[in-house]
Asker: 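Got a structure here, written out as structure tokens. Questions coming.
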Amino acid sequence: MARPPARDPWTHLSAFTPARIALGRAGPGQPTRAVLDFALSHAQARDAVHTAFEAEATAEAIETLGLPTLLVDSAAADRATYLRRPDLGRRLSEASRARLSPPKDGCDLALVVADGLSSAAVHAHAAPLIAALSPRLAGLRLGPVAVARQARVALADEVGEALSARMALILIGERPGLSSPDSLGAYLTFAPRRDRTDAERNCVSNIRPQGLSYDEAAFKIAWLIGEAHRLALTGVALKDESDLVRLAPGGPAAQIGDLGI
């Protein structure tokens with residue numbers, strides 16, 4: 001009598017993760033469903049990288065939240081150049097640099113929204129995240145929100161420097177994964193300037209409904225801004241302990257003012 005096929009001990013875990021586990025097999029290969037699912041995810045990741053950034057529509061969505069915007073470009077003239085020359089995505093074009101100047105009332109935080117490697121992430125999540133974050137930034141002087149095309153993370157350093165901002169925060173589309181083509185990342189830098197390194201930034205990643213929610217991300221970002229202001233630094237020396245604050249008696253702080261700024 002033939003024995004029934006052994007049950008894959010990983011099968012029950014697949015309900016808790018989008019990772020490709022317990023896919024099964026068809027002879028020496030994978031089942032057709034798993035092969036087609038992988039091909040779809042790969043196509044979605046490629047589309048996320050190459051989808052044109054709707055900068056004007058993104059700026060309009062942000063302006064409906066009561067925040068002024070300014071469109072800027074990196075030194076990468078087009079998407080092909082951007083992908084081949086990451087260094088150009090970290091610098092402003094000369095024309096964009098000329099349009100930036102420090103606000104008369106000063107600037108505590110320069111906010112940048114950029115396409116990065118997933119325009120889809122910015123289209124879907126940038127405005128909702130800013131809507132969740134804005135109430136937590138009460139008391140901070142904000143510059144115009146720079147909506148940046150063909151941008152890398154470090155572009156925010158030059159924007160912040162041009163605005164004489166105390167801190168720079170960039171919301172940017174992250175490199176697509178095979179289970180997350182629309183993940184948004186947030187990077188915070190204290191005293192931004194062009195020679196800053198990645199070790200001098202703090203990152204909050206995987207912001208999307210299937211990952212870190214808008215409210216959770218907004219709380220983490222606001223907490224990091226408050227601590228950066230207090231300690232006058234960001235990066236490896238600033239550890240994200242915001243979860244401890246959430247778990248403390250009394251619950252999370254509602255806005256920057258509650259964090260000591």
Side-chain angles (χ1 to χ4, degrees), residues 8 10-24 30-55 57-58 61-62 74 76 79-80 82-84 86 89-90 111-133 147-156 169-189 198-199 201-224 240 242-243 246:
D8 190 331
W10 290 85
T11 300
H12 72 286
L13 296 176
S14 63
F16 303 101
T17 175
R20 285 175 167 79
I21 62 173
L23 298 180
Q30 294 181 340
T32 300
R33 180 186 296 274
V35 173
L36 294 178
D37 180 67
F38 180 89
L40 174 61
S41 295
H42 187 258
Q44 290 173 331
R46 289 177 61 87
D47 285 348
V49 172
H50 293 286
T51 296
F53 181 35
E54 299 174 3
T58 299
I62 295 170
S74 76
R79 197 61 172 175
Y82 170 82
L83 294 173
R84 291 196 303 265
R90 301 183 185 111
L111 179 56
V112 182
V113 175
D115 49 2
L117 287 167
S118 176
S119 296
V122 181
H123 296 158
H125 310 311
L129 175 58
I130 293 173
L133 180 61
V147 179
R149 292 170 285 218
Q150 314 295 5
R152 303 276 178 172
V153 170
L155 188 83
L169 173 67
I170 184 169
L171 309 180
I172 189 167
E174 295 183 319
R175 184 185 305 277
L178 290 175
S179 62
S180 55
D182 63 341
S183 179
L184 190 72
Y187 294 80
L188 178 68
T189 308
D198 289 340
R201 307 184 224 286
N202 286 90
C203 174
V204 178
S205 64
N206 196 30
I207 302 170
R208 59 193 185 105
Q210 299 82 5
L212 192 66
S213 72
Y214 304 137
D215 183 67
E216 290 174 322
F219 179 81
K220 280 184 174 291
I221 293 167
W223 186 90
L224 286 168
D240 181 3
S242 59
D243 290 337
R246 272 191 174 275

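Quick caveat: nothing in here was measured; it's all calculated off a predicted structure.
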Asker: The criterion is side chain to side chain contact (heavy atoms under 4.5 Å, CB included); which residues satisfy it with Thr32, sequence neighbours excluded?
Answerer: Leu36
Asker: Using every non-hydrogen atom in the two residues, find where Pro86 and Arg84 come nearest and quote the distance to one decimal.
Answerer: CD-O, 3.4 Å
Asker: Does Leu184 reach the side chain of Val122, with side-chain heavy atoms less than 4.5 Å apart?
Answerer: yes
Asker: Quick check on side-chain contact (heavy atoms from CB on, under 4.5 Å): which of Val113, Leu188, Val112, Thr189 does Ile170 satisfy it with?
Answerer: Val112
Asker: Any idea which heavy atoms bring Ala114 and Ala151 closest together, and the distance?
Answerer: CB-CB, 3.6 Å
Asker: Where is the tightest heavy-atom contact between Gly173 and Ala121, given as atom of each residue plus distance?
Answerer: CA-CB, 4.0 Å
Asker: Please report the interatomic distance CD(Glu216) to CD1(Ile207), rounded to the nearest 0.5 Å.
Answerer: 10.5 Å
Asker: Kindly write out the residues that satisfy side-chain hydrogen bond (donor to acceptor under 3.5 Å, both in side chains) with His123, not counting sequence neighbours, or none if the list is empty.
Answerer: none
Asker: Would you find a donor on one side and an acceptor on the other, under 3.5 Å apart, between the side chain of Tyr187 and the backbone of Ser205?
Answerer: no
Asker: Could you check Ile221 against Leu129 for side chain to side chain contact (heavy atoms under 4.5 Å, CB included), going step by step and ending with a plain yes or no?
Answerer: CA-CA 10 Å; Ile221 293 167; Leu129 175 58; 4.3 Å; yes
Asker: Can you confirm whether Ile172 sits close enough to Leu155 that some side-chain heavy atom of one is under 4.5 Å from a side-chain heavy atom of the other?
Answerer: no
Asker: Are Leu133 and Leu169 close enough, and set up right, to give a side chain to side chain contact (heavy atoms under 4.5 Å, CB included), and what steps lead you there?
Answerer: CA-CA 12 Å; Leu133 180 61; Leu169 173 67; 3.8 Å; yes
Asker: Hey, are Asp240 and Ser242 close enough side-chain-wise for a donor-acceptor pair under 3.5 Å?
Answerer: yes
Asker: Not counting sequence neighbours, list each pair that qualifies as a side-chain hydrogen bond (donor to acceptor under 3.5 Å, both in side chains) and has a residue in residues 41-51.
Answerer: Arg20-Ser41
Asker: I need the minimum non-hydrogen distance between Ala48 and Pro181, along with the two atoms involved.
Answerer: CB-O, 3.4 Å
Asker: Output all residues satisfying salt bridge (charged side-chain N to carboxylate O under 4.0 Å, His left out) with Arg79, sequence neighbours left out; order by chain, then residue number.
Answerer: Asp115
Asker: Apply side chain to side chain contact (heavy atoms under 4.5 Å, CB included) to the pair Lys220 and Asp243, showing each step before the final yes or no.
Answerer: CA-CA 8 Å; Lys220 280 184 174 291; Asp243 290 337; 3.3 Å; yes
Asker: Tell me the closest heavy-atom pair linking Tyr214 and Pro128, and the distance in Å.
Answerer: CE1-CB, 3.5 Å
Asker: Once salt bridge (charged side-chain N to carboxylate O under 4.0 Å, His left out) is applied, do any residues pair with Arg175, and if so which ones, sequence neighbours excluded?
Answerer: none
Asker: Which atoms form the tightest heavy-atom contact between Thr17 and Leu13, and what is the distance?
Answerer: CG2-O, 3.6 Å
Asker: Would you say the side-chain atoms of Arg33 pair up with the backbone N or O of Leu23, donor to acceptor, closer than 3.5 Å?
Answerer: no
Asker: Can you tell if the side chain of Leu111 reaches within under 4.5 Å of the side chain of Ile62, non-hydrogen atoms only?
Answerer: no
Asker: Start with the C-alpha gap between Leu212 and Phe219, add the side-chain angles, then the distance that decides, and say whether side chain to side chain contact (heavy atoms under 4.5 Å, CB included) holds.
Answerer: CA-CA 11 Å; Leu212 192 66; Phe219 179 81; over 6 Å; no
Asker: Given side chains that start at C-beta, do those of His125 and Pro209 come closer than 4.5 Å, heavy atoms only?
Answerer: yes
Asker: According to side chain to side chain contact (heavy atoms under 4.5 Å, CB included), who are the partners of Ala55, at least two apart in sequence or on a separate chain?
Answerer: Phe53, Leu71, Val147, Arg149
